[in-house]
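Reviewing the structure listed below.
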Protein chains: 2
Amino acid sequence: MVDVKSGVNPLFLREEELRQGIELLFYAYRDFTSDPDAILAQHGYGRAHHRALHFIGRNPGISVAELLAILRITKQSLSRVLSQLVTEGYVIQKQGTRDRRQRHLFLTEKGVELERQVSEPQRARVARAYREAGAEAVEGYRKVLLGLVNEEDRPAVLRSIKRR
Amino acid sequence: MVDVKSGVNPLFLREEELRQGIELLFYAYRDFTSDPDAILAQHGYGRAHHRALHFIGRNPGISVAELLAILRITKQSLSRVLSQLVTEGYVIQKQGTRDRRQRHLFLTEKGVELERQVSEPQRARVARAYREAGAEAVEGYRKVLLGLVNEEDRPAVLRSIKRR
DNA sequence: ATTTTACGTCAACCATGTTGACATATATCG
DNA sequence: CGATATATGTCAACATGGTTGACGTAAAAT
C-alpha cells in the first residue's frame, strides 16, 4: 500500500526538488543578465562584450588563451568582440615579455569605467539578494554553485574568484 | 592610518564578495547548460527547444502567452522552435475550451521522453551539487537565487516552481 | 457593433556562436 | 641549427536564436 498522492516516495520528492533548483537557476540568470544587457545595448554592445570586459577587468594581464578557457568560446568568436573593444579604446593588448607570442589584455581607464557602469545594477542586484538572504544563505549559495561546476574545473574557478 | 593592504575596508570587501557571487553564477550556468546542449545537438535542436520542452513539461496545458512570459522572448522567436516541436510530434496544441483563442501546450509521450533524456545529466549535476553541499546550503542557494529574481516576478516564480 | 486580445506568419536584420583553412611570430625540442 | 609546436590573428561561410515591424484571423470583451 504505497501512498502515491501524499508524496511519501522519496525519489519523487527528490526529482521535484531538483527541478525546482533547475528552474530557480534559470529564473535568476534570466533577470541577472537583463540589467547589463539593457545598458550595453545603448553602447551598441552585447552580452559577449560584457563578459570580456568583466574577466579582463578581474584578471588584468590575462592572456587570450586564458580568457578563451574561461569563456569557453572559439577564438574567432572572441576576436569579434575583442577587436571592437580594442579599436574603440576599452581594452589594450600588450605583448608578453617572457613569451612574446602572448597578448596580455588590460582595460583602459575608459574600459574600467564602462565595466563599472554596466555591472553596477548587477552588483546591486546581488547585494540586495545577499542582504535579504543573510550570510548563512550566501554561504550555501556559493557552495552549491561551485558544486554545479565541472569537478575538474573547480580549482580553476576557485583560483579565479579568489584572485585579488 | 587606514590599512589598505589588509583589506579592512568593509566596502572593498563587499565589492569583492559581490564580484565573486557574480562569477560563480556565470561559471555554474556555463557548465549547467553544457550537458543538455550536447545531447540536443544530436537531435538537431538547441537550447531554446530545451527551454520550451522543460516549461511545457512542467506546466502541462500552459498557454502560449504564459510561456512567453516565462521565457521573456518574442512570440516570433518562440514560434520558430515551437512549430518545429509540434511538427515533429513532441508537443501538441489544444484549443482552449473556456477561451477558444488560447492554445494549450502539452508534451506528447515522445516529448516527455526527449525532455527526460535531455535534462537527465542536468538533474544529475544538481543532485550531485546538492548532495555535496548539504540541506542547509541548498536552502541558502534557493533563497539567494529567488532574491536575484526581479521583486515583482517572485510570486510568479514561486507559483511556477511549487506547482505540482 | 466595435474594440481588444490571443495567436500565427512573413520578412529582414542582428548578435554571437560554430567549423575550416591558412598565416605569422615565437618558443621549444631533438 | 632545423624541425616542430604553440599563441595569436584573420578570412569566409554558416547556424541558432534573438529582435522589430507589419499584417491577418478568430474569438472575447465592452
Side-chain angles (χ1 to χ4, degrees), chain A residues 26 29-30 33-34 36-56 61-88 91-106 118, chain B residues 26 29-30 33-34 36-56 61-87 91-105 118:
Chain A
F26 165 79
Y29 201 79
R30 180 194 68 179
T33 51
S34 66
D37 284 0
I39 300 176
L40 283 157
Q42 297 169 353
H43 292 261
Y45 287 145
R47 198 174 295 185
H49 299 86
H50 179 40
R51 286 198 283 256
L53 285 174
H54 173 94
F55 284 106
I56 295 171
I62 190 175
S63 73
V64 172
E66 287 167 336
L67 185 53
L68 288 175
I70 288 176
L71 299 175
R72 294 257 221 278
I73 57 177
T74 59
K75 62 178 177 176
Q76 295 92 326
S77 200
L78 176 61
S79 156
R80 201 152 34 197
V81 302
L82 203 50
S83 53
Q84 281 180 277
L85 292 172
V86 169
T87 300
E88 291 160 44
V91 169
I92 51 169
Q93 303 172 292
K94 287 188 191 162
Q95 190 172 42
T97 49
R98 229 189 48 206
D99 183 338
R100 293 188 321 205
R101 291 170 304 180
Q102 293 189 333
R103 297 290 175 272
H104 297 289
L105 306 172
F106 300 85
V118 166
Chain B
F26 164 79
Y29 201 79
R30 180 195 68 180
T33 50
S34 66
D37 284 1
I39 300 176
L40 284 157
Q42 298 168 354
H43 292 260
Y45 287 145
R47 200 175 294 184
H49 298 87
H50 179 42
R51 286 199 283 256
L53 286 173
H54 174 94
F55 284 105
I56 295 171
I62 190 175
S63 73
V64 172
E66 288 167 335
L67 186 52
L68 288 175
I70 289 177
L71 299 176
R72 293 256 221 280
I73 57 176
T74 59
K75 62 177 175 175
Q76 295 92 326
S77 200
L78 176 60
S79 156
R80 203 154 27 196
V81 302
L82 204 50
S83 52
Q84 280 180 277
L85 291 172
V86 169
T87 300
V91 170
I92 52 170
Q93 302 173 293
K94 288 189 192 162
Q95 190 172 44
T97 49
R98 230 188 49 206
D99 184 339
R100 293 187 320 206
R101 291 170 304 180
Q102 294 189 333
R103 298 290 176 271
H104 298 290
L105 306 172
V118 166

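A quick note: this is a predicted structure, and the numbers were derived from the prediction, not measured. A note on names: the letters A, B, ... follow the listed sequences, proteins ahead of strands, and every chain is numbered from 1.
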- [ ] For B/Ser83, report the nucleic acid contact type (base, sugar-phosphate, nothing); a contact means any heavy atom under 4.0 Å.
- [x] nothing
Task: With sequence neighbours excluded, residues passing salt bridge (Lys or Arg N to Asp or Glu O under 4.0 Å) with A/Arg101 - done: A/Asp99
Task: Interface residues of residues 36-51 of chain A with DNA chain C (non-hydrogen, below 4.0 angstrom) - done: A/Gly46, A/Arg47, A/Ala48, A/His49, A/Arg51
Open item on the list: Rounded to whole Å, please give me the gap between CG in B/Leu67 and P in D/dG18.
Closed with: 11 Å
TODO: Respond yes when some side-chain nitrogen or oxygen of B/Thr74 is under 4.0 Å from OP1 or OP2 of D/dT19, and no when none is.
DONE: yes
Open item on the list: Just the rounded figure in Å: distance from C1' of C/dC14 to CD of A/Gln84.
Closed with: 12 Å
Task: Gap between atoms CD and P, on B/Glu66 and C/dT5 respectively (whole Å) - done: 16 Å
Can you list, pair by pair, the side-chain donor-acceptor contacts under 3.5 Å of residues 69-77 of chain A, counting residues two or more places apart and other chains?
from	atom 1	to	atom 2	distance (Å)
A/Arg72	NH1	A/Ala69	O	3.4
A/Arg72	NH2	A/Asp153	OD2	2.6
A/Thr74	OG1	A/Ser77	N	3.3

Task: Interatomic distance, A/Ile62 CD1 vs D/dT8 C1' [rounded to whole Å] - done: 15 Å
- [ ] Decide yes or no, distance alone: a donor-acceptor N/O pair under 3.5 angstrom between the base of C/dG20 and the side-chain of A/Gln76.
- [x] yes
TODO: Could you grab the distance from atom CG of A/Leu67 to atom CD1 of A/Ile62, nearest 0.5 Å is fine?
DONE: 5.0 Å
Task: Integer-rounded Å distance: C/dC13 P and B/Arg80 CZ - done: 15 Å
Task: Nearest-0.5 Å distance, CG of residue B/Leu85 to NE2 of residue B/His50 - done: 12.0 Å
- [ ] Name all residues meeting the salt bridge (Lys or Arg N to Asp or Glu O under 4.0 Å) criterion together with B/Arg47; count only those two or more places apart in sequence or in a different chain, and write none if there are none.
- [x] B/Asp37
TODO: Mind calculating the distance between CG (A/Leu82) and P (C/dT16) to the nearest angstrom?
DONE: 13 Å
Open item on the list: Walk along nucleotides 22-30 of chain C from 5' to 3' and tag each nucleotide B, S or - by protein heavy-atom contact under 4.0 Å, base first, then sugar-phosphate.
Closed with: ---BBS---
Open item on the list: Which is more 5' along DNA chain C, the nucleotide nearest B/Gln102 or the one nearest A/Val81? Just name the residue.
Closed with: B/Gln102
Task: CG on B/Leu105 to CD on B/Glu66, rounded to 0.5 Å - done: 9.5 Å
- [ ] Quickly work out the B/Leu105 CG to C/dA6 C1' distance and round it to whole Å.
- [x] 12 Å
Open item on the list: Distance check needed: C/dG8 P versus B/His104 NE2, whole Å only.
Closed with: 12 Å
Open item on the list: What's the closest nucleotide to the side chain of A/Ile73 if the choices are D/dG18, C/dT18, C/dG8?
Closed with: C/dT18
Task: Partners meeting ring pair (Phe, Tyr, Trp, His ring centres under 6.0 Å) with A/Phe26 (sequence neighbours left out) - done: B/Phe55
Task: Residues in side chain to side chain donor-acceptor pair (under 3.5 Å) contact with B/Gln84, at least two apart in sequence or another chain - done: B/His49
Task: Divergence of helical axes at both termini of the helix from C/dA1-D/dT30 to C/dG30-D/dC1 - five pairs an end, 10° steps - done: 30°
Task: All side chain to side chain donor-acceptor pair (under 3.5 Å) counterparts of A/Tyr45, not counting sequence neighbours - done: A/Glu88
Open item on the list: For B/His104, give me all partners under side-chain contact (heavy atoms from CB on, under 4.5 Å), at least two apart in sequence or on another chain.
Closed with: B/Gln102, B/Phe106
Open item on the list: Could you measure the distance from the CD atom of A/Gln93 to the OG atom of A/Ser83? Nearest 0.5 Å is fine.
Closed with: 8.5 Å
Open item on the list: Distance check, rounded to the nearest 0.5 Å: A/Leu78 atom CG versus A/Leu68 atom CG?
Closed with: 5.0 Å
